[in-house]
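Step one of this worksheet: look at the structure below.
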Amino acid sequence: MPAPSDTEIAVQRVLDRIQTAWREGRPEEMMPLLSPDITFVFPGFSMRLSGRERLIESYRDFLAGSRLRSYREERRSIEGGQSAALAEIAFDMIYARAGSEWRSHGLAFWRTMQELTEEPVSKAS
């Protein structure tokens, strides 16, 4: 279901801030935008990073060893409701590392849930 316009606008703003922070070399600015328990899953489920600090450190490492040549979003869509949203970003990126240029092309997904609570359910006697 398409996200309500206010949800879509809010998610767009957060995604813009995240993208700007890492692309301009300031990944620490992503800190307040990410859950402390965020999990980043690599393509093919080959690896995962758990935790906001580890994710931000991975961006620092990338930026320290690479030079971003170009980054382009081909498509961005947001679906959801008042308490949850999923953003899909199709991107194309070229970067230089260790004397070679690399192209990264694919999809990134961001999911957020808001006002979510979990509590144990007591068993009825």
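Numbering of residues begins at 1 and proceeds along the displayed sequence. Note that the structure is a prediction, hence the values are computed from the model and not measured.
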- line: Rounded to the nearest 0.5 angstrom, the CZ-CD1 distance for R54 and I38 is 12.5 Å
query: Do other residues, nucleotides or ligands put more than 12 heavy atoms under 6.0 Å from the CZ atom of R13?
result: no
- prompt: Does the salt bridge (Lys or Arg N to Asp or Glu O under 4.0 Å) test come out yes or no for R60 and E57, once each step is laid out?
  reply: CA-CA 5 Å; R60 282 189 196 112; E57 186 64 31; 3.0 Å; yes
Heavy-atom side-chain proximity of L15 to I89 below 4.5 angstrom: yes
- prompt: Does some side-chain heavy atom of L86 sit less than 4.5 Å from a side-chain heavy atom of W110?
  reply: no
message: What I'd like to find out is whether the side chain of F91 reaches to under 4.5 Å of the side chain of H105, using heavy atoms alone.
response: no
- request: Give the cluster check for I18 versus V41: same hydrophobic cluster or not, with ILVMFWY residues linked at side-chain heavy-atom distances below 4.5 Å.
  value: no
query: Is there a donor-acceptor pair closer than 3.5 Å between any side-chain N or O of S46 and the backbone N or O of P43?
result: yes
task: Could you check if a side-chain atom of E53 sits within less than 4.5 angstrom of a side-chain atom of M31, using non-hydrogen atoms only?
output: yes
Check: Y71 ring centroid to Y95 ring centroid under 6.0 Å: no
query: Rounded to the nearest 0.5 Å, what separation is found between the CG atom of L68 and the CD atom of E24?
result: 10.5 Å
- prompt: With hydrophobic residues grouped by side-chain heavy-atom distances under 4.5 Å, do M47 and F62 end up in a single group?
  reply: yes
query: Is the closest side-chain heavy-atom distance between P27 and L63 below 4.5 Å?
result: yes
query: Taking atom CZ of R52 and atom OG of S35, what is their separation to the nearest 0.5 Å?
result: 7.0 Å
query: Is there a side-chain contact between Q19 and R76 (heavy atoms, below 4.5 Å)?
result: yes
- line: To the nearest 0.5 Å, atom CD of E101 lies from atom CZ of R69 at 5.0 Å
query: So, the side chain of R103 versus the backbone of I94: is there a donor-acceptor pair under 3.5 Å, distance only?
result: no
For E8 against I78, the heavy-atom pair lying closest together: O-CD1, 3.7 Å
- prompt: What residues form a ring-ring contact (aromatic ring centres under 6.0 Å, His included) with F40, not counting sequence neighbours?
  reply: F42
message: For a 4.5 angstrom cut-off between non-hydrogen side-chain atoms, does T20 reach R26?
response: yes
- request: Using the salt bridge (Lys or Arg N to Asp or Glu O under 4.0 Å) rule, take E74 and R72 through it: C-alpha gap first, then chi angles, then the decisive distance, then the call.
  value: CA-CA 6 Å; E74 298 171 342; R72 178 173 51 94; 3.5 Å; yes
query: CG of L107 to CD of E88: how many Å apart, nearest 0.5 Å?
result: 5.0 Å
message: Measuring from atom CG of L55 to atom OG of S50, what distance do you get when rounded to the nearest 0.5 angstrom?
response: 10.0 Å
